[in-house]
Trainee: 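Can you read through this structure? Questions will come right after.
Here is how names work: the chains are called A, B, and so on, in the same order as the sequence lines, proteins then strands, and each is numbered from 1. The analysis underlying the following values was restricted to heavy atoms, covering all of them including side chains, and did not include hydrogens, waters or symmetry mates.
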Amino acid sequence: MAQSDFFENVYGVVRLVPAGRVTTYGAIAAYLGSKRGARMVGWAMNNAHGRPDVPAQRVVNRNGVLTGKNFFGSSTQMQDLLESEGVKIKDDQVVVFQEYFWDPGIELL
DNA sequence: TCACTGACTTGGC
DNA sequence: CGCCAAGCCAGTG
């Protein structure tokens with residue numbers, strides 16, 4: 001038992017997110033089966049601190065805002081990482097987020 | 001065992 | 001258009 005398959009699932013999905021793309025907590029939660037479980041996804045990300053394999057910078061809220069940037073070393077760390085992958089960030093949110101949005105329940109089909 | 005919190009989402013006022 | 005309340009699951013006190 002992996003403490004929580006939910007967490008492992010989240011890590012797996014986030015890890016599957018291609019560079020230059022971003023996903024949302026709700027998308028992952030919905031992919032796992034709990035739309036409102038988006039909070040759990042954020043919880044998993046909090047635990048993801050010990051998982052460098054989990055690109056949490058590609059995980060944003062449904063508004064495309066870097067909600068978790070505060071959890072990174074620097075407030076600009078997350079933004080810089082995304083910009084480094086080709087994702088434009090403005091005002092702490094992903095520009096044309098709709099085009100960068102990567103839904104595991106659709107793209108992964 | 002119960003209650004609170006948490007990187008969210010949606011709906012109502 | 002902006003703020004408040006409710007719902008979700010899991011973990012910790």
Side-chain angles (χ1 to χ4, degrees):
Chain A
M1 169 182 177
Q3 308 261 325
S4 298
D5 291 352
F6 210 92
F7 283 31
E8 292 298 314
N9 272 316
V10 174
Y11 304 145
V13 175
V14 175
R15 223 176 294 161
L16 290 173
V17 177
R21 292 276 192 267
V22 290
T23 188
T24 70
Y25 302 96
I28 298 169
Y31 178 69
L32 298 178
S34 300
K35 184 180 181 184
R36 297 293 163 91
R39 314 177 85 166
M40 306 297 69
V41 178
W43 213 267
M45 304 311 303
N46 199 352
N47 275 263
H49 271 258
R51 323 268 177 171
D53 295 335
V54 183
Q57 71 272 16
R58 294 180 194 153
V59 185
V60 296
N61 68 352
R62 77 115 195 153
N63 201 16
V65 180
L66 286 61
T67 32
K69 73 174 180 143
N70 197 20
F71 272 55
F72 281 71
S74 301
S75 301
T76 52
Q77 177 90 37
M78 189 173 184
Q79 178 177 332
D80 185 59
L81 285 168
L82 288 171
E83 289 186 319
S84 184
E85 294 181 350
V87 181
K88 299 170 186 170
I89 309 296
K90 180 148 197 186
D91 195 35
D92 291 340
Q93 75 181 357
V94 181
V95 183
V96 285
F97 161 69
Q98 198 173 182
E99 294 188 11
Y100 289 112
F101 178 54
W102 182 87
D103 189 342
I106 298 175
E107 308 284 332
L108 205 59
L109 276 177

Trainee: For the pair made of CH2 in A/Trp43 and P in C/dA10, what is the distance, rounded to whole Å?
Mentor: 12 Å

Trainee: Would you call the rings of A/Phe101 and A/Phe97 parallel, tilted or perpendicular, where under 30° means parallel and over 60° means perpendicular?
Mentor: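 The arrangement is tilted - the two ring planes meet at 30° to 60°.
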
Trainee: Given atom CG of A/Asn63 and atom C1' of C/dC1, what is their separation to the nearest angstrom?
Mentor: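 Computing the A/Asn63:CG to C/dC1:C1' distance gives 14 Å.
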
Trainee: A side-chain contact here means heavy atoms from C-beta on lying under 4.5 Å apart; do A/Leu66 and A/Leu82 qualify?
Mentor: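 In contact.
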
Trainee: Between A/Asp103 (side chain) and A/Gly105 (backbone), is there a donor-acceptor pair under 3.5 Å?
Mentor: yes

Trainee: I'd like the 5' and 3' limits of the part of DNA chain B contacted by chain A, with heavy-atom contacts below 4.0 Å.
Mentor: B/dT5 to B/dT10

Trainee: Students often get this wrong, so: under 4.0 angstrom with heavy atoms, is A/Asn61 touching a base, only sugar-phosphate, or nothing?
Mentor: sugar-phosphate

Trainee: Quick one: label A/Gly26 by what it contacts on the DNA or RNA (base, sugar-phosphate, nothing), any heavy atom closer than 4.0 Å.
Mentor: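 Here A/Gly26 touches the backbone only, sparing every base.
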
Trainee: Measure from the side-chain N and O atoms of A/Thr24 to the backbone N and O of A/Val60, and report whether any donor-acceptor pair falls under 3.5 Å.
Mentor: no

Trainee: What I want to find out is whether A/Glu107 reaches A/Arg21 closely enough, with some N-O distance under 4.0 Å, to be called a salt bridge.
Mentor: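 The answer is no: the pair does not qualify as a salt bridge.
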
Trainee: In whole angstrom, give the distance that lies between atom CE of A/Met45 and atom P of C/dA10.
Mentor: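 It works out to 17 Å between those atoms.
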
Trainee: Mind checking who C/dC8 pairs with, Watson-Crick or G-U wobble, both distances under 3.5 Å?
Mentor: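 Across all strands, not a single nucleotide pairs with C/dC8.
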
Trainee: Distance between the P atoms of B/dC4 and C/dA5, in whole angstroms?
Mentor: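 It works out to 15 Å between them.
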
Trainee: Mind checking if A/Ala56 touches a base, just sugar-phosphate, or nothing, with heavy atoms under 4.0 Å?
Mentor: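 Contact class for A/Ala56: base.
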
Trainee: With side chain to side chain contact (heavy atoms under 4.5 Å, CB included) as the criterion, how do A/Thr67 and A/Tyr25 come out once you've worked through the C-alpha distance, each side chain's angles and the decisive distance to 0.1 Å?
Mentor: CA-CA 10 Å; A/Thr67 32; A/Tyr25 302 96; 3.4 Å; yes

Trainee: On DNA chain C, check which nucleotide each of A/Arg39 and A/Asn47 is closest to and give me the residue with the more 5' one.
Mentor: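 Looking at the nearest nucleotide for each, A/Arg39 comes out on the 5' side.
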
